[in-house]
Amino acid sequence: MSLNEFLPPVLLAAAITFFLRALPFLIFHGEKRMPGWLERLGQALPSAIMAVLIVYCLKDAGTDLRGVALPQFLAVSVVAVTYKWKHQTLFSIAAGTLVYMILLANL
């Protein structure tokens, strides 16, 4: 694939992504306030998304207790504990991933 074929779709995707990320700032600038329902949604949605991700990640845990469930539950526990301890998302994800990979390699 040449640069002339590769560059336009990448630039278009980048422009659309930038526009979608900038849209809330363009709509709610200055004195304009967000509606109450949108503020409540902004408060509830991150927790709901994390709950869905946890359920999705642990969906196969019941099939193989030692090979799948144990590493997954321990990794989730490490993420929860390190986040509660340090309040650093990237550190918590890295620690959980590291524990999960070590457990998968050794179990």
Connected-component partners of Val55 among ILVMFWY, side-chain separation under 4.5 Å: none

Side-chain donor-acceptor distances from residues 35-44 under 3.5 Å, at least two apart:
unit_1: Glu39; atom_1: OE2; unit_2: Arg33; atom_2: NH2; d: 3.2
unit_1: Arg40; atom_1: NH1; unit_2: Gly36; atom_2: O; d: 3.4

Pairs in or reaching into residues 82-91: which pass salt bridge (charged side-chain N to carboxylate O under 4.0 Å, His left out), with residues at least two apart or in two chains? none

Who are the side chain to side chain contact (heavy atoms under 4.5 Å, CB included) partners of Ile16, not counting sequence neighbours? Leu12, Leu20

Which pairs, with at least one residue in residues 5-31 and sequence neighbours excluded, count as a ring-ring contact (aromatic ring centres under 6.0 Å, His included)? none

At what distance, to the nearest 0.5 angstrom, does CD of Gln72 lie from CG of Leu104? 8.0 Å

Which residues satisfy the side chain to side chain contact (heavy atoms under 4.5 Å, CB included) test with Leu53, sequence neighbours excluded? Ile49, Met50

Among all residues two or more places apart in sequence or in another chain, which pass the side chain to side chain contact (heavy atoms under 4.5 Å, CB included) test with Val99? Val78, Leu103

Side chain to side chain contact (heavy atoms under 4.5 Å, CB included) filter on Val79, not counting sequence neighbours, yields Ser92

Nearest heavy-atom neighbours spanning Ala75 and Gly96: CB-O, 3.5 Å

Could you measure the distance from the OG1 atom of Thr89 to the CD1 atom of Ile93? Nearest 0.5 Å is fine. 6.0 Å

Around Lys32, counting heavy atoms of other residues, nucleotides and ligands shown, do more than 12 lie under 6.0 Å from its NZ? no

Whichever hydrophobic residues join Leu98 through chains of side-chain contacts under 4.5 Å: Ile102

Please, which pairs that meet ring-ring contact (aromatic ring centres under 6.0 Å, His included) have at least one residue in residues 41-100, sequence neighbours excluded? Tyr83-His87

